[in-house]
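Each chain gets a letter, A, B and so on, in the order its sequence line appears, and its residues count up from 1.
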Amino acid sequence: MRIKQMSAFDFFWNTCYSIANGDNPLAPFFKGEIFKRESFMLDIKFIADNLESAKSKLKDRLKGLDSLDKAAAFYQEKREIQKTADALRSQKKNFAKEIGMLKTKGADASSFMKDAEKLNTELEKIEERERILSLELEGILLTLPNIPLEDVPAGANESFNKEIKKWGESESFTFQVLPHYEIAEKLGILDFERGVKIAQSGFTLYHGTGAKLERALINFMLDTHGENGYQEKFVPFLVRGESLQGTGQLPKFKEDLYKIEGENLYLNPTAEVPLTNIYQNEILNEKDLPLYFTAYAPSFRKEAGSYGKDTRGIIRQHQFNKVELVEFSKPEDSEKEHQSMLAEAEKILQLLKLPYRIVILSTGDMGFSAAKCYDIEVWIPSMKTYKEISSVSNCMDFQARRANIKFRRESTGKVEYLHTLNGSGLAVGRTMVAILENYQREDGSVVIPDVLRKYMGNCTCL
RNA sequence: GGAGAGAUGCCCGAGUGGUCGAAGGGGGCACCCUGCUAAGGUGUUAUACUCCUAAAGAGUAUCGAGGGUUCGAAUCCCUCUCUCUCCGCCA
């Protein structure tokens, strides 16, 4: 069901509010694009009513907690202002009606018109303040990360993450294991030099069976999720700013995004963005929930700030393939659904027989939009460590608020924000790394996992 | 890229300065009528914010968006965005 195209659908907040740039009191909040949206991100009512608890919940996720105080203060003032402004507007309407009636009768309305003018000058001042308060408030709220769920381990960084599960045995190799990039170069399937020549470092050219393996993995993942009830989608790879704001990448993480010059379009950093924004500004029927979607999309990230990390090989690339899982669920089901989405992502690794573990991320290590997040980490023999291959998040109503996605509950007839979940199922490039390394043999060949063979023309090894 | 048309509520569609949150129709919902069905009748039918303990209710805003003119704008002016059609180009 398509609802009316809302303001939010179309425009730059900052062009709408053409306050002169120079002396704009809101300058601090206008560094990035902010798109107008009727609703707020975190529930400002909740923050205002539970200021101290909100602060303690966000303390590992936010540098300056005073932004919460500010937001609460702006909100209080905004409410006061709105009361006065509404009263004045009401009066203004009455004047106009009165004048209209008098004029149609041909009577004199000049004294009313004077009163109305006087009222207007007063109202203008108040409305200016009202507008500033809304902007300031929205500016802050857009930069606040989601509030973690109770059972998320508290802590400022990844050292507080907790391993909750281990699956599979890593093979005990009787020879010197090679890192994936050496295996791949020997096999002639990954070409780093030419990737750089064509594009830049962080982009890799795949040859022959390597290219085919990548495609096999994508098809295998999509088919598996499809069989398990996830509807397959094929999505636009360019997304508009509003969509990125909806899922939480904007306005805060602009520097990690590739933007099309002169356009309000970005290369999508994850298929979560197009998938979740399918229902941007819509109200769904309760009976349609939950909805399970899966899509393949290349993901583009500048990886600003991660220079020097994982520089060799294809662990960290500016362009990588990913099969994504996204779900829209009723609020009361999202925690349960989170578990099953995690299981869905695990299934891929189990079918590929790749050893992995699951960690629950601490409050400080979670992504911006997540209220709770599990990372699945696959065993990388050459690094003798587990490496993230999937991140499965419950965003609760955080993205739904930002993207304005609701459903109508049948029992009450009321609209509510729904919950969104997303997970990688899985990162394809890293899956390739895991296969190359875990399935490598002493002679430099690589065994193809059983489940992939039918996608590879029944080849058994690379 | 060139030319043109358009954007109104769940859908269609009227409305060119005055009591319009918006006629009319369709659809949905509720009730009535009918032996059942069909037909018919009556009513209802958005979202957000604020006030209110809650319910009920009230106020305000919203006719693509922003700005302007005016006592008063869906209606007039400016800017922007989006959609559609034709031509050109192109997988």
Side-chain angles (χ1 to χ4, degrees), chain A residues 1-21 30 33-41 43-46 48-49 74-124 126-131 133-135 137-138 141 236-243 262-265 279-288 400-417:
Chain A
M1 173 181 57
R2 187 62 186 268
I3 61 158
K4 178 192 159 199
Q5 288 206 339
M6 292 182 59
S7 54
F9 220 78
D10 306 295
F11 299 99
F12 286 93
W13 192 222
N14 45 349
T15 53
C16 302
Y17 283 81
S18 47
I19 300 169
N21 288 339
F30 277 79
E33 290 88 342
I34 295 181
F35 302 95
K36 192 187 173 186
R37 194 75 66 174
E38 295 289 322
S39 49
F40 290 127
M41 307 57 239
D43 188 355
I44 179 60
K45 267 189 217 163
F46 174 84
D49 294 345
F74 285 142
Y75 178 59
Q76 295 302 354
E77 190 187 344
K78 189 178 169 244
R79 282 160 69 183
E80 288 305 312
I81 287 269
Q82 192 185 332
K83 259 195 273 182
T84 342
D86 279 355
L88 288 176
R89 277 185 217 113
S90 175
Q91 217 179 325
K92 174 178 166 172
K93 271 170 84 168
N94 288 333
F95 277 138
K97 271 186 198 177
E98 204 66 40
I99 292 164
M101 280 194 278
L102 288 171
K103 286 217 167 177
T104 45
K105 271 190 273 178
D108 175 49
S110 55
S111 79
F112 271 115
M113 284 169 69
K114 252 180 222 152
D115 286 346
E117 266 177 272
K118 214 184 289 172
L119 188 145
N120 275 347
T121 46
E122 194 183 342
L123 182 59
E124 262 168 42
I126 289 172
E127 285 187 330
E128 176 65 15
R129 182 68 189 154
E130 202 180 20
R131 216 185 315 173
L133 284 168
S134 298
L135 282 168
L137 186 56
E138 182 141 345
L141 290 173
F237 297 162
L238 296 188
V239 293
R240 51 199 312 163
E242 286 87 339
S243 298
E263 305 212 39
N264 179 25
L265 283 171
Y279 293 120
Q280 186 187 44
N281 293 317
E282 293 194 39
I283 299 171
L284 307 183
N285 295 317
E286 181 178 2
K287 64 171 167 27
D288 295 331
R401 283 176 187 282
R402 296 173 74 105
N404 192 26
I405 310 172
K406 301 180 175 179
F407 76 103
R408 190 178 302 278
R409 196 180 284 281
E410 270 161 40
S411 58
T412 61
K414 296 257 165 63
V415 291
E416 294 175 37
Y417 289 110

Student: Could you identify the nucleotide paired to B:G40, looking across every strand shown and requiring Watson-Crick or G-U wobble geometry with both distances under 3.5 Å?
Tutor: B:C32

Student: With a 4.5 Å heavy-atom cut-off, do A:K414 and A:R409 have their side chains touching?
Tutor: no

Student: May I ask which nucleotide in the shown strands pairs with B:C20, Watson-Crick or G-U wobble, both distances under 3.5 Å?
Tutor: none

Student: Hunt down the Watson-Crick or G-U wobble partner of B:A46, both distances under 3.5 Å, from any strand shown, or write none.
Tutor: B:U62

Student: Is there a side-chain contact between A:K103 and A:M113, using heavy atoms and a 4.5 Å cut-off?
Tutor: yes

Student: Between B:U69 atom C1' and A:E124 atom CD, what is the distance in whole Å?
Tutor: 13 Å

Student: So do the side chains of A:L137 and A:L133 get within less than 4.5 Å of each other, counting heavy atoms only?
Tutor: no

Student: Between atom CG in A:N285 and atom P in B:G28, what is the gap in whole Å?
Tutor: 14 Å

Student: Applying a 4.0 Å non-hydrogen cut-off, can you work out what A:K45 is touching in the nucleic acid: base, sugar-phosphate, or nothing?
Tutor: sugar-phosphate

Student: When we call it a touch if two heavy atoms are under 4.0 Å apart, what does A:D115 touch: a base, just sugar-phosphate, or nothing?
Tutor: nothing

Student: Taking only side-chain nitrogens and oxygens of A:R79, does any of them come within less than 4.0 Å of OP1 or OP2 of B:G59?
Tutor: no

Student: Considering just the side-chain nitrogens and oxygens of A:K406, establish if one lies under 4.0 Å of OP1 or OP2 belonging to B:A48.
Tutor: yes

Student: If I take atom CG in residue A:L123 and atom P in nucleotide B:U70, what distance separates them, rounded to the nearest angstrom?
Tutor: 15 Å

Student: Would you say A:Y75 places a side-chain N or O within less than 4.0 Å of OP1 or OP2 belonging to B:U50?
Tutor: yes

Student: B:U47, B:C82, B:U19: which one has an atom nearest the side-chain heavy atoms of A:R240?
Tutor: B:C82

Student: Can you tell me how far C1' in B:C52 sits from the matching atom in B:U60, rounded to whole Å?
Tutor: 15 Å

Student: Check whether A:R408 reaches the backbone of A:G413 with its side chain - one donor and one acceptor, N or O, closer than 3.5 Å.
Tutor: yes

Student: Take atom C1' in B:U75 and the same atom in B:G18, then report the distance between them in whole Å.
Tutor: 11 Å

Student: Quick one: look up who B:C86 pairs with, Watson-Crick or G-U, both distances under 3.5 Å, and put none if it's unpaired.
Tutor: B:G2

Student: Whole angstroms only, please: what is the CG-C1' distance between A:N264 and B:A65?
Tutor: 13 Å

Student: Could you tell me whether a side-chain N or O of A:N264 sits under 3.5 Å from a main-chain N or O of A:R240, the two making a donor and an acceptor?
Tutor: no

Student: Please give the distance between the C1' atoms of B:G15 and B:U53 as a whole number of Å.
Tutor: 44 Å

Student: As a test of reading the structure: which of B:U50, B:U47, B:A61 is closest to the side chain of A:R89, going by heavy atoms?
Tutor: B:A61

Student: With C1' as the reference atom in both, quote the distance from B:C29 to B:G13 in angstrom, rounded to an integer.
Tutor: 22 Å

Student: With a 3.5 angstrom cut-off on both distances, give the Watson-Crick or G-U wobble partner of B:G57, or none if there isn't one.
Tutor: B:C51

Student: From C-beta outward on A:I283, which listed nucleotide comes closest to its side chain: B:U47, B:U19, B:A61?
Tutor: B:U47

Student: In whole Å, what is the span from the CZ atom of A:F95 to the P atom of B:U70?
Tutor: 18 Å

Student: Take A:E80 and A:A116, find for each the nucleotide of RNA chain B with the closest heavy atom, and name the residue whose nucleotide sits nearer the 5' end.
Tutor: A:E80

Student: Scan every strand shown for a Watson-Crick or G-U wobble partner of B:A7, both distances under 3.5 Å, and answer none if you come up empty.
Tutor: B:U81

Student: Quote, to the nearest angstrom, the C1' distance that separates B:U37 from B:A74.
Tutor: 44 Å

Student: Tell me what A:K114 touches on the nucleic acid: a base, only sugar-phosphate, or nothing, going by heavy atoms under 4.0 Å.
Tutor: nothing

Student: Can you check the distance between B:C10 and B:G6, where both ends of the measurement are the P atom (answer in whole Å)?
Tutor: 24 Å

Student: Using whole Å, what does the distance between atom P of nucleotide B:G18 and atom CG of A:N94 come to?
Tutor: 18 Å

Student: Expressed as a whole number of Å, how far does the P atom of B:G67 sit from that of B:G24?
Tutor: 32 Å

Student: Under a 4.0 Å threshold between the charged nitrogen and the carboxylate oxygen, would A:E128 count as salt-bridged to A:R131?
Tutor: yes

Student: Between P on B:C49 and CG on A:L137, what's the gap in Å once rounded to a whole number?
Tutor: 12 Å

Student: Nearest-nucleotide wise, let me know which of A:D86 and A:M101 is further upstream toward the 5' end of RNA chain B.
Tutor: A:M101

Student: Could you tell me how far B:C63 sits from B:A7 if I compare only their P atoms? Round to whole Å.
Tutor: 14 Å

Student: Is the backbone of A:K45 close enough, under 3.5 Å, to the side chain of A:D43 for a donor and an acceptor to pair up by distance?
Tutor: yes

Student: For B:U47 and A:K414 - does any side-chain N or O of the residue sit under 4.0 Å from the phosphate oxygens OP1/OP2?
Tutor: no

Student: When all nucleic acid strands are considered with a 4.0 Å heavy-atom cut-off, which category describes A:A96: base, sugar-phosphate, or nothing?
Tutor: base

Student: About how many Å separate CD of A:E117 and CZ of A:F95, when rounded to the nearest 0.5 Å?
Tutor: 11.5 Å

Student: Would you indicate which nucleotide in B:A61, B:G59, B:U19 comes nearest to any side-chain atom of A:Q82?
Tutor: B:G59

Student: Please pick, from B:C51, B:A48, B:U60, the nucleotide with the shortest atom-to-atom distance to any side-chain atom of A:K83.
Tutor: B:C51

Student: Considering only B:C71, B:U60, B:U50, which nucleotide approaches the side chain of A:S90 most closely?
Tutor: B:U60

Student: Output the rounded distance in Å from CZ (A:R401) to C1' (B:C49).
Tutor: 14 Å

Student: Closest approach to the side chain of A:K93, judged atom by atom: which nucleotide of B:C71, B:G59, B:A61 is it?
Tutor: B:A61

Student: Out of A:K118, A:R89, A:Q91, which one pairs with A:L123 under the side chain to side chain contact (heavy atoms under 4.5 Å, CB included) rule?
Tutor: A:R89

Student: What does B:U69 pair with, Watson-Crick or G-U, if both distances are under 3.5 Å?
Tutor: none

Student: So what does A:E117 hit on the nucleic acid, given a heavy-atom distance under 4.0 Å: a base, only sugar-phosphate, or nothing?
Tutor: sugar-phosphate

